[in-house]
Amino acid sequence: MALPATATQRSKVRTIQEALSRVVDGSSIMVGGFGLAGCPWPLIDALAVHGARSLTIISNDLGSPGVGLGKLLTYGLVKKVIGTYYTWNPEVSRQYLEGLLEVELVPQGTFVERIRAAGVGLGGFYTPTAVGTELAEGKETRVISGREHVLEFPLRADVALVKCHKADTLGNLVYRKTARNFNPLMAMAADYVIAHSDYIVQPGELDPEAIVTPQLFVDVVVHGGTGNEAS
């Protein structure tokens with residue numbers, strides 16, 4: 001049955017090249033994923049050949065040398081990284097020690113809360129994590145209930161690359177198991193959100209109770225190549 005014209009006109013399905021056209025030199029980009037789970041691999045691969053440089057990458061880690069986000073380092077496209085650990089990728093340490101890369105380390109709980117704070121419009125929050133360490137140097141502190149806390153600020157990005165399992169053409173997203181990780185919060189904390197989905201279906205085919213990210217937060221949906229793409 002043919003869809004109403006309005007549903008087709010409102011489709012957010014685009015090619016990866018069209019989706020990444022908003023990425024320019026100097027863009028800040030959030031990328032979902034934890035290790036191998038929940039990473040938008042086709043978007044990362046396309047970004048590696050896209051051509052934009054001096055990027056700030058906000059992600060839990062930076063993959064391995066030449067793999068995933070590690071490709072961006074290999075190609076010399078990254079100016080700064082903000083994340084929680086880089087032990088899988090010694091290339092981060094090498095470029096940092098050579099002055100080629102800025103690195104901002106953030107405790108993992110603080111990292112995700114800073115992203116959530118941006119998504120829900122908070123001006124900042126206090127946390128006891130990192131008190132008394134180098135990560136707290138220069139930051140405002142306050143004693144709350146007898147315990148010292150550090151003031152942390154929201155973390156936003158120009159663009160977010162997120163991975164989901166199913167999407168409809170309007171941009172409603174459903175995640176799968178641990179691949180959900182950082183993706184829903186990043187989808188709330190960027191000016192432009194690109195979702196890579198295994199399956200794309202028509203409006204009304206997703207269980208409303210399973211939708212985690214509503215279409216309001218998503219600008220573009222691209223097909224992951226493993227399911228049926230809706231036009």
Side-chain angles (χ1 to χ4, degrees), residues 11-83 86 88-92 94-96 98-104 115 118 155-165 167 169 171 173 179 181-200 213 217-227 229:
S11 172
K12 296 178 179 176
V13 179
R14 301 290 186 274
T15 66
I16 288 179
Q17 290 70 30
E18 290 173 326
L20 292 180
S21 64
R22 286 282 294 265
V23 178
V24 298
D25 288 353
S27 290
S28 58
I29 304 175
M30 286 183 175
V31 184
F34 190 115
L36 299 178
C39 292
W41 298 107
L43 289 174
I44 295 171
D45 289 343
L47 184 62
V49 297
H50 172 65
R53 309 180 70 85
S54 298
L55 302 175
T56 294
I57 300 298
I58 303 167
S59 187
N60 182 61
D61 55 86
L62 216 66
S64 303
V67 178
L69 285 172
K71 288 183 180 179
L72 305 184
L73 273 187
T74 301
Y75 296 168
L77 305 177
V78 184
K79 175 184 177 183
K80 181 177 181 178
V81 292
I82 303 174
Y86 301 110
W88 285 0
N89 194 339
E91 184 68 10
V92 174
R94 187 191 68 78
Q95 292 200 17
Y96 172 74
E98 294 180 1
L100 302 175
L101 181 69
E102 299 175 45
V103 176
E104 182 178 341
I115 296 170
L155 189 56
R156 291 195 60 84
D158 298 319
V159 178
L161 309 182
V162 303
K163 166 72 168 61
C164 67
H165 184 53
T169 58
L173 309 184
N181 55 64
F182 300 98
N183 287 298
L185 293 180
M186 289 182 171
M188 297 171 60
D191 296 334
Y192 190 75
V193 176
I194 304 170
H196 158 251
S197 182
D198 294 331
Y199 298 86
I200 300 178
T213 299
F217 296 106
V218 179
D219 296 284
V220 174
V221 177
V222 301
H223 188 233
T226 58
E229 182 172 5

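The first residue in the sequence is number 1, and the count goes up from there. The shown structure was predicted, so the numbers you read here are calculated from the model rather than taken from an experiment.
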Undergrad: Name the orientation class of the two ring planes belonging to Phe182 and Phe34 (parallel below 30°, tilted from 30 to 60°, perpendicular beyond 60°).
TA: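 Ring orientation of Phe182 relative to Phe34: parallel.
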Undergrad: Below 4.5 Å, heavy atoms only, C-beta onward: do Leu43 and Ile194 meet side chain to side chain?
TA: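 Yes, close enough: below the 4.5 Å cut-off.
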Undergrad: Quick one, Leu155 and Ile58 - any side-chain contact, counting heavy atoms below 4.5 Å?
TA: yes
Undergrad: Is the closest side-chain heavy-atom distance between Val31 and Pro40 below 4.5 Å?
TA: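 Sidechains of Pro40 and Val31: in contact.
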Undergrad: Within the distance-only criterion (no hydrogens, no angle test), does the side chain of Asn183 pair as donor or acceptor with the backbone N or O of Val162 below 3.5 angstrom?
TA: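 A pair under 3.5 Å: no.
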Undergrad: Using every non-hydrogen atom in the two residues, find where Leu173 and Ala167 come nearest and quote the distance to one decimal.
TA: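 Closest heavy-atom pair between Leu173 and Ala167: CD2-CB, 3.7 Å.
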Undergrad: Would you say the side-chain atoms of Asn89 pair up with the backbone N or O of Leu62, donor to acceptor, closer than 3.5 Å?
TA: yes
Undergrad: Taking atom OH of Tyr199 and atom NE2 of His223, what is their separation to the nearest 0.5 Å?
TA: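 Going from OH on Tyr199 over to NE2 on His223, the span is 8.5 Å.
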Undergrad: Examine distances only and state if a side-chain atom of Thr15 and a backbone atom of Glu18 form a donor-acceptor pair shorter than 3.5 Å.
TA: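 A pair under 3.5 Å: yes.
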Undergrad: With no hydrogens and no angle check, is any side-chain donor or acceptor of Lys12 less than 3.5 Å from a backbone partner on Val218?
TA: yes
Undergrad: Would you indicate whether the side-chain heavy atoms of Asp45 and Lys71 approach each other to under 4.5 Å?
TA: yes
Undergrad: Between Ser28 and Asp158, is any side-chain donor less than 3.5 angstrom from a side-chain acceptor?
TA: yes
Undergrad: Does a side-chain heavy-atom distance below 4.5 Å link Val92 with Leu73?
TA: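 Yes - at least one pair of side-chain heavy atoms lies under 4.5 Å apart.
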Undergrad: Kindly indicate whether the side chain of Met30, heavy atoms from C-beta on, has any atom under 4.5 Å from the side chain of Leu161.
TA: no
Undergrad: If you define the side chain from C-beta out and look only at heavy atoms, does anything of Val159 sit under 4.5 Å from Asp191?
TA: no
Undergrad: Could you grab the distance from atom CD of Glu102 to atom OH of Tyr96, nearest 0.5 Å is fine?
TA: 10.0 Å
Undergrad: Checking Lys80 against Leu101 for the side-chain contact (heavy atoms from CB on, under 4.5 Å) test, could you report, in this order, the C-alpha distance in whole Å, the side-chain angles of both residues, the deciding distance, and whether it holds?
TA: CA-CA 6 Å; Lys80 181 177 181 178; Leu101 181 69; 5.6 Å; no
Undergrad: To the nearest 0.5 Å, what is the distance between NZ on Lys79 and OG1 on Thr56?
TA: 6.5 Å
Undergrad: Quick one: does Asp25's side chain have a donor or acceptor within less than 3.5 Å of a partner on Arg53's backbone?
TA: yes
Undergrad: Quick one: CG on Leu20 to OH on Tyr192, what's the gap to the nearest 0.5 Å?
TA: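 Answer for the CG-OH pair, Leu20 versus Tyr192, is 8.5 Å.
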Undergrad: Using 0.5 Å steps for rounding, measure from the OG atom of Ser27 to the CG atom of Leu47.
TA: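 Ser27 OG to Leu47 CG: 9.0 Å, rounded to 0.5 Å.
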Undergrad: Taking all heavy atoms of Gly38 and all of Asn181, pick out the closest pair and write down the distance.
TA: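 Here Gly38 and Asn181 meet closest at CA-ND2, 4.0 Å.
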Undergrad: Heavy atoms, side chains only, cut-off 4.5 Å: are Val23 and Ile29 in contact?
TA: yes
Undergrad: Please lay out, stage by stage, how Thr213 and Cys164 fare under the test side-chain contact (heavy atoms from CB on, under 4.5 Å).
TA: CA-CA 9 Å; Thr213 299; Cys164 67; over 6 Å; no
Undergrad: Distance from Met188 atom CE to Arg156 atom CZ, nearest 0.5 Å?
TA: 10.0 Å
Undergrad: Search all heavy atoms of Pro65 against all heavy atoms of Trp88 and return the closest pair with its distance.
TA: CD-O, 3.6 Å
